[in-house]
Number of protein chains: 2
Amino acid sequence: MTTAPCFQAAMGRYFALSDDDCRMLEHLERHTAPASKDRVLWLLGARVQNLFILQSGWACTVRDTGEGERQIIELLLPGDIIGLREFTFRRHGSEARMISAGSVSTFTHQHIVDLVAASTSLAVSLFATIGRQEALLTERMLVTLHRSARVQVSHFVLETYLRLSKIQPVDPGRMPFPISQRLLGQILGLSPVHVNRTLTALERDGVLEKHRAHIVIHDPRRLHAEADFDDDYLSDRVDGLSERLAELREGDASFAVSRSGS
Amino acid sequence: MTTAPCFQAAMGRYFALSDDDCRMLEHLERHTAPASKDRVLWLLGARVQNLFILQSGWACTVRDTGEGERQIIELLLPGDIIGLREFTFRRHGSEARMISAGSVSTFTHQHIVDLVAASTSLAVSLFATIGRQEALLTERMLVTLHRSARVQVSHFVLETYLRLSKIQPVDPGRMPFPISQRLLGQILGLSPVHVNRTLTALERDGVLEKHRAHIVIHDPRRLHAEADFDDDYLSDRVDGLSERLAELREGDASFAVSRSGS
DNA sequence: CGTACCTTTGACGGCTGTCAAAGGAAGTGG
DNA sequence: CCACTTCCTTTGACAGCCGTCAAAGGTACG
């Protein structure tokens, strides 16, 4: 039951947080419990209530698409917040479940409102977080719609490698990857058969080597080229907002004042 | 230079806004100017600075995908805010441009910070807005990855019809639709040739009839079936948050207080 | 009246899905 | 420690949706 401030680190990626901000984030991570593989965090159609912070292990949100097919919408890694995109909805439009065993912190959607009310910088950090998650989704869509299966697989592996590297050092020669070929197909919208053919080809060409729960990246540069990768969308850089936050903190409410009515 | 409170109406979809909130939104819509067809609002890679409220006309955000192909990421209709998903980024990961002539209100990303600082209910409404935009993207991805071109086209037309209907009455027999077949292909990830074949088939079967700038929906119910449509993701219903906002407004900061202690 | 863009149609090819079956690897219970 | 079950991986054959290429007709606009 570690209380590694996983989420604090993630939220602090965009700009420095105050001590008060950190205390509030700690509060969110207070109720942490282990979660087994395949543990369901919420079901499709369930009333929105709880959000989660993934402390360890991998998770995903997923939708069934008629005819028994499933599509993974987002892959969540440690430090990610689960449910932010849906916290203003009445009911969940997806299912959320653990991919591997791990642990999650639980809190309610009303806590998010409290956070937003209490701290502008945390609110903006949440916008930054949701924006990054959406950028992942956008990039996935671009790749799945316009690139071959080979590029898709390469792109996803590299993206995941880069995301993981942000939260912990990762050895390209042995990167954690608890994703079966079937699941990989559900992430990319490919059939498991074709995923297998693609992986076999990538292994034959010495690009990477997928094992049951890890991947060997033989040549990161080669993979980068295979994936035709442009990593702008993974950037945590924010611009011009921290300055504005500082001004607001110092009482310059030039705009905010004008609201309360002349 | 109308000051139709287009955006206020959109922001008020989730829960009632106070007079102060409305005044602040008016402020955002102060600088409104006409925008011609194909007017570029920002370019890929440009520094993030301005956001826009689409007062009239249609717009989109778009990405080039190598090899001269383009993918429309989101379609923006009157009342939509343009740039919210990227306002915490340093540079734009997309291009934004007008699809048809219209008018837009312009303000800076720092204004969003001011808004969030000044009003919790507006901040939460912004989260609701960004969440709905992301839901559109998710649904588009599910349909494009797993359904035939026929379903994709039907789904998109119906979705657009329902979105439009939320902001103005729409006659199914003559719905505005300033989208060329080429553009429709860029939205769905299909070739213009195949879009044409699909539309031809849908017209032959009496489902709809696309003209240069409008669509005739012969039988909405039939279209609904063709699209295998589930409109949950278009819901504006929010749950449990307005109550919390009211409590906070009345000074109940039970959570916010507990943060700084024990 | 010409230019540019949009729409339409046909032929052809390929990437990827489906179906089917067999071999492996991991976990379970006796 | 072994049988059994279940899931994952692998391979082959075949089909189909959709992209590409090409060309012609239509429509708006200057």
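Remember, it's a predicted structure, so these values are computed and weren't measured experimentally. Lettering follows sequence order; numbering is per chain, from 1.
When distances run from any side-chain atom of R197(B) to the nucleotides dC18(D), dA11(C), dT18(C), the shortest one goes to dA11(C). Distances were taken from every side-chain heavy atom of T200(B) (C-beta onward) to each of dT18(C), dT9(C), dT9(D); the shortest belongs to dT9(C).
Contact check on E203(B) versus K210(B) returns no salt bridge, with no Lys/Arg side-chain nitrogen under 4.0 Å from an Asp/Glu carboxylate oxygen.
In this structure, the CG atom of L145(A) is 10 Å from the P atom of dG19(D), given to the nearest Å. Rounded to whole Å, the distance from CG on D38(A) to C1' on dT6(D) is 13 Å. Atoms NE2 (H214(A)) and P (dC8(D)) sit 18 Å apart, rounded to a whole Å. At whole-Å resolution of the value, CD in E69(B) and C1' in dG19(D) are 9 Å apart. Protein atom NE2 of H211(A) is 11 Å distant from nucleotide atom P of dA25(C), rounded to whole Å. Nucleotide dT16(C) holds its P atom 14 Å from the NE2 atom of H146(A), rounded to whole Å.
When only modelled atom types and interatomic distance are considered, H218(B) and E209(B) share a side-chain donor-acceptor pair under 3.5 Å. Side-chain contact check for R97(A) and T61(A): no donor-acceptor pair (N or O, by modelled atom type) lies under 3.5 Å. Using a 3.5 Å distance cut-off with no hydrogens or angles, the side chains of T32(A) and S103(A) do not pair a donor with an acceptor. For the 3.5 Å distance criterion, the side chains of S94(A) and E86(A) qualify, holding a donor opposite an acceptor.
Listed here is the closest heavy atom pair of P172(B) and P220(B): CB-CG, 4.3 Å.
Distances shown here put every side-chain N or O of N196(B) at or beyond 4.0 Å from the OP1 or OP2 atom of dT7(C).
By the 4.5 Å heavy-atom criterion applied to side chains, V216(B) and M175(B) are not counted as neighbours. A 4.5 Å side-chain heavy-atom check between R174(A) and D171(A) finds at least one atom pair inside the cut-off.
Sorted by residue number, the members of residues 175-194 of chain B with any non-hydrogen atom under 4.0 Å from DNA chain C read S180(B), Q181(B), R182(B), V193(B). Only at 4.0 angstrom or more do the heavy atoms of residues 201-209 of chain B sit from any atom of DNA chain C, so none qualifies.
Of the inter-residue distances, the one linking S191(A) atom OG with Q186(A) atom CD reads 11.5 Å to the nearest 0.5 angstrom.
A donor-acceptor contact shorter than 3.5 Å is absent between the side chain of S235(B) and the backbone of D232(B).
In this structure, H224(A) has its ring center under 6.0 Å from that of F229(A).
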Where protein sits on nucleotides 24-30 of chain D, one letter per nucleotide: B base, S sugar-phosphate only, - none, heavy atoms under 4.0 Å: ----S--
